[in-house]
Novice: 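After the structure tokens below, expect a handful of questions from me.
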There are 4 protein chains.
Amino acid sequence: MARPRKPIRSDLAWSTVDRIVVRGKDLPGEIIGRLNLGDMAFLELTGRTPGAAESKIFNAMVVTLVEHGVTPSALAARLTYLGAPEAMQAAVAAGLCGLGSVFVGSTEGCARMLAEALPDPKSSADLAALAKRVTAETRRIPGLGHPLHKPVDPRAVRLFELARETGHYGKYCELIQAIGAEKKLPVNATGAIAALACELGFDWKLCRGLGVMARAVGLVGHLLEESRQPLAEEVWLRTEEEASEHLKPKK
Amino acid sequence: MARPRKPIRSDLAWSTVDRIVVRGKDLPGEIIGRLNLGDMAFLELTGRTPGAAESKIFNAMVVTLVEHGVTPSALAARLTYLGAPEAMQAAVAAGLCGLGSVFVGSTEGCARMLAEALPDPKSSADLAALAKRVTAETRRIPGLGHPLHKPVDPRAVRLFELARETGHYGKYCELIQAIGAEKKLPVNATGAIAALACELGFDWKLCRGLGVMARAVGLVGHLLEESRQPLAEEVWLRTEEEASEHLKPKK
Amino acid sequence: MARPRKPIRSDLAWSTVDRIVVRGKDLPGEIIGRLNLGDMAFLELTGRTPGAAESKIFNAMVVTLVEHGVTPSALAARLTYLGAPEAMQAAVAAGLCGLGSVFVGSTEGCARMLAEALPDPKSSADLAALAKRVTAETRRIPGLGHPLHKPVDPRAVRLFELARETGHYGKYCELIQAIGAEKKLPVNATGAIAALACELGFDWKLCRGLGVMARAVGLVGHLLEESRQPLAEEVWLRTEEEASEHLKPKK
Amino acid sequence: MARPRKPIRSDLAWSTVDRIVVRGKDLPGEIIGRLNLGDMAFLELTGRTPGAAESKIFNAMVVTLVEHGVTPSALAARLTYLGAPEAMQAAVAAGLCGLGSVFVGSTEGCARMLAEALPDPKSSADLAALAKRVTAETRRIPGLGHPLHKPVDPRAVRLFELARETGHYGKYCELIQAIGAEKKLPVNATGAIAALACELGFDWKLCRGLGVMARAVGLVGHLLEESRQPLAEEVWLRTEEEASEHLKPKK
């Protein structure tokens, strides 16, 4: 007996001879020249064009994640480019592969914690009590503290300031701040972004995607610099020399 | 004799306890809330903040490249997500790996052709003669014609319109249009983007990077849709069934 | 205060002007021409050359995982190759990216379950009682049953036969079979490989690696076939057409 | 008018309820327990089981490529694992992405040079004259010399020895040696592997695939070592510190 076929459908885009439509909007007429790259990302993820306040806060969130200096991810991309400079897409891909549980996962984990603690942001929850409960129940709270930026993470400060300006400082922002107060740790950039993702009604699963798209931008920047001012070969040679030195016969 | 050490340097970013600086700008004070994602990409690539006109044309260029429906790249990302939904960064990476010579390479090739034909855009070149020469010398001209969008590619039309509005319709735009006229083929979206990249003074090697960052945004959109309205499993099952049918013993 | 430096060490290989040594063995003298690819993998993973019986069972395990027809992973690799045929390493990489929790994860999960149930294979455990306990405590037991191969998975049958022949049919093989009997489901190929990995003393975290290396071999085979007898473009075109049909204006 | 459908076909494998057949051979009955991993790769690539001599030389070729110490590719894989230890398939993928023109490309380039110089190995070509011509016509000859291994690459010496033993020392081996003599440079490991690939009748496009599959094995070894004896974090921290030091304000 043959397997029954399921339909194959995507609602993201279509084109005909003279039209290209993305998320229901005419690409040349309604998108190109009207939306910036952050707004376009918002449209891709939500199916609608952001309002001015949403545009401001969403662009601020992703812009925060673009560039963090020579991270493991940037270094992996540069080392890949060293071997395959003709395939820079693969070097960006290599850099993205490491955006997993250790570095980017905390945004996701924090958004999940907030969304599960407060499934309905319109409910009249006692946020102080909620913060106490979350703190008691969660073994390792993501989105708080920072190894370098002390006593506060200046990106989180700025993001919350913008949240207030744009009318996005709601219960999720309050909750993560209350949790931070409870733990006597400041909210960091990933905590602020996680709270804002909840304020915008995003699924917590999407948070990793925000980091991935932002870092893709940053990785292209790293590869451009690597093509002009390389560092990967020197990192490799030093590492190789030191790593195997103890194995080599003494002269 | 020991290998002499070379320095390891990157000029992209630095941080201290209370500061985070990207490309010479204070991240919280001068970037977050001030630059949109396209402007941030411009800063990463050029080291300076775009002016209003540059911001408009650059955002238009990258926004054009974000979403093209179910491309091979989007399909590869979705099939990867089917096997490893817990690692969506790897699914985006898989999607990026295919942005090579066949689909994204034409922007790069077109920008290279234009930059090599006209190394100095301030020179008083005879563009019509140049177009004739390039057409005669180039076996397969990238950036012209489109299998579906005929007689014109509406994205290119719109991009050239914006180029005029923003003062970026210069000699590279003229040259690609003259080459198109010579070949009796309209300039397509990749041709327009390549010409605009030259107008902005970008290295042609950077053009692939524009496509890569834009598609990373689009791929996150595809994976979000795949998580809600999957198609990859059905594509796989149909393909698997048809592909091996001829090998199976007749019943 | 400066961060104290930690040493950087790898014990895998070293070379000097006239010597290349891998895992303590002279590459030209003791490896090339003496070890087959499976034995070399065993050496990489364990630091020692397998005996004849170990070589037979280990090669059998990885060989089982090489080729499964047009899987989502193979399809992702082929679609990537369609866009970037000049970078076939990236196409293999794209194919590997999807070897996550859904398809390859079951070997890992099964090995973990077995290793945790029986930390010391030399202990005189009551395997029937253990199987009952594991079955009761585990929500979804990996390594049992198969959607297509019924009532038995012929690869598992063959692997257990080889395990007996080579003296590797020990307590982990017995335990997974007892668990299968408890659930009235036959052990599948991933269950057998997981049990054998435990018999060989491998860390369960390594099981995913066995699948990854084996599939890399298979993916190269798929890309060679794709270069001669392509299917990716047709899969893409059909998918694209069907996926967006419902969005297009009726003619 | 609808696009005419093309068939979708793959000849690699098929399965039914009780059978699994790969490349025309019964997987449990004719492959598992009979072929080692290198033989299985040979079967995937050629559609036939290697004879004993072919098995020996082919396994020797791929085994040579498995482990080269802490290469840029291994380092990229380890840095990726640092960020996403839960997705080791993505770390292997990241490591493979850099196997491009710079390091692995030389085997491919050498095999292509040999195959194009001598399209028919049965022709009675004057190999000395051919070597002179190739040397004169080729700007940068791949497969010769080595930055470290001087005056000879011991892997190439061993591979040619095995080629003689197994009856695979034919005209392509002679030709690359003659080219080396012409340039007064010894043939290196990639040159020997390229010549042997030609002796086996392989398409030069396949040579990159040999390196890719072999390195996938080696990368799993590196990730296992990284999980037990990490070096990636230290490499990252040292690099990050040195790279941005010049940007930071003096205290």
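Computed over heavy atoms, backbone and side chain alike; hydrogens, waters and symmetry mates excluded. Throughout, protein chains are lettered first and strands after them, A, B, ... in sequence-line order, and every chain is numbered starting at 1.
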Novice: Any sub-3.5 Å donor-acceptor pair from Glu54(C)'s side-chain atoms to Gly51(C)'s backbone N or O?
Specialist: yes
Novice: Determine whether a donor-acceptor pair (N or O, by modelled atom type, separation under 3.5 Å) exists between the side chain of His68(D) and the backbone of Trp14(C).
Specialist: no
Novice: With respect to chain C, which residue among Arg9(D), Glu161(D), Gln89(D), Met61(D) yields the maximal number of heavy-atom pairs within a distance under 4.5 Å?
Specialist: Gln89(D)
Novice: Any idea which of Ala93(D), Gly69(D), Ala87(D) has the most non-hydrogen atom pairs under 4.5 angstrom with chain C?
Specialist: Ala93(D)
Novice: Please determine, among Glu233(D), Glu165(D), Met40(D), Arg19(D), the option with the most heavy-atom pairs under 4.5 Å with chain C.
Specialist: Met40(D)
Novice: Pick one of side chain, backbone, both or neither for Leu27(C), based on which atoms fall under 4.5 Å of a heavy atom in chain D.
Specialist: side chain
Novice: Leu224(D) versus chain C, heavy atoms under 4.5 Å apart: side chain, backbone, both or neither?
Specialist: side chain
Novice: Sort Leu162(D) into side chain, backbone, both or neither according to what part of it lies under 4.5 angstrom from a heavy atom of chain C.
Specialist: side chain
Novice: If you count heavy-atom pairs within less than 4.5 Å of chain D, which of Gly95(C), Pro154(C), Ala41(C) leads?
Specialist: Pro154(C)
Novice: Heavy-atom distance under 4.5 Å to chain C: side chain of Ile32(D), backbone, both or neither?
Specialist: both
Novice: Which answer fits Val70(D), side chain, backbone, both or neither, if we ask what part of it has an atom under 4.5 Å from a heavy atom of chain C?
Specialist: side chain
Novice: Check each atom of Thr16(C) against the heavy atoms of chain D and say whether the ones under 4.5 Å are side chain, backbone, both or neither.
Specialist: backbone
Novice: Would you mind telling me which of Leu148(C), Val217(C), Leu223(C), Asp18(C) has the largest number of heavy-atom pairs within less than 4.5 Å of chain D?
Specialist: Leu148(C)
Novice: State whether the number of non-hydrogen atoms from other residues, nucleotides or ligands found under 6.0 Å of Gln229(D) atom CD is greater than 12.
Specialist: yes
Novice: Without swapping roles, check the side chain of Glu225(D) against the backbone of Pro230(D) for a donor-acceptor pair under 3.5 Å.
Specialist: no
Novice: Where the side chain of Arg34(D) meets the backbone of Gly29(D), is there a donor-acceptor pair that is under 3.5 Å apart?
Specialist: yes
Novice: Is Arg238(C) close to chain D through its backbone or its side chain, or both, or neither, when contacts mean heavy atoms under 4.5 Å?
Specialist: both
Novice: Given heavy-atom pairs under 4.5 angstrom as the criterion, report whether the side chain, backbone, both or neither of Val66(C) touches chain D.
Specialist: side chain
Novice: Please determine, among Val212(C), Leu231(C), Val63(C), the option with the most heavy-atom pairs under 4.5 Å with chain D.
Specialist: Val63(C)
Novice: Quick one: of Pro85(D), Pro28(D), Pro7(D), Pro151(D), who has the most non-hydrogen atom pairs under 4.5 Å with chain C?
Specialist: Pro28(D)
Novice: With a 4.5 Å cut-off on heavy-atom pairs, point out which of Leu12(D), Val220(D), Leu210(D) contacts chain C the most.
Specialist: Leu12(D)
Novice: Of the backbone (N, CA, C, O) and the side chain (C-beta and beyond), which part of Asn36(D) lies under 4.5 Å from a heavy atom of chain C, both, or neither?
Specialist: both
Novice: Using a 4.5 angstrom heavy-atom cutoff, name the option from Met213(C), Lys150(C), His149(C) with the most pairs to chain D.
Specialist: His149(C)
Novice: Rounded to the nearest 0.5 Å, what's the gap from CG on Leu196(D) to OH on Tyr169(D)? Could you check?
Specialist: 9.5 Å
Novice: Check each atom of Leu237(C) against the heavy atoms of chain D and say whether the ones under 4.5 Å are side chain, backbone, both or neither.
Specialist: both
Novice: With chain D, which of Ala91(C), Ser227(C), Ser10(C) has the greatest number of heavy-atom pairs at distances under 4.5 Å?
Specialist: Ser10(C)
Novice: What part of Glu241(D) gets within 4.5 angstrom of chain C, counting heavy atoms only: side chain, backbone, both, or neither?
Specialist: side chain
Novice: Report the option among Ile20(C), Asp153(C), Ile57(C) that has the most heavy-atom pairs separated by less than 4.5 Å from atoms of chain D.
Specialist: Ile20(C)
Novice: Does Glu234(D) reach the main-chain N or O of Lys6(C) with its side chain, forming a donor-acceptor pair under 3.5 Å?
Specialist: yes
Novice: Can you check whether Ala232(D)'s main-chain N or O pairs, donor with acceptor, with Glu226(D)'s side chain at less than 3.5 Å?
Specialist: yes
Novice: Non-hydrogen atoms of chain D under 4.5 Å away: do they reach the side chain of Val157(C), the backbone, both or neither?
Specialist: neither
Novice: Identify which part of Val22(D) has an atom lying under 4.5 Å from any heavy atom of chain C, answering side chain, backbone, both or neither.
Specialist: side chain
Novice: So which part of Asp11(D) gets closer than 4.5 Å to some heavy atom of chain C, the side chain, the backbone, both or neither?
Specialist: both
Novice: With a 3.5 Å distance limit and no angle check, can you tell me whether Asn59(D) reaches the backbone of Leu37(C) through a side-chain donor-acceptor pair?
Specialist: yes
Novice: Is the number of heavy atoms from other residues, nucleotides or ligands under 6.0 Å of Lys248(C) NZ greater than 12?
Specialist: yes
Novice: Side chain, backbone, both or neither: which part of His222(D) has an atom under 4.5 Å from a heavy atom of chain C?
Specialist: both
Novice: Counting only non-hydrogen atoms closer than 4.5 Å, does Arg23(C) touch chain D with its backbone (N, CA, C, O), its side chain (CB onward), both, or neither?
Specialist: neither
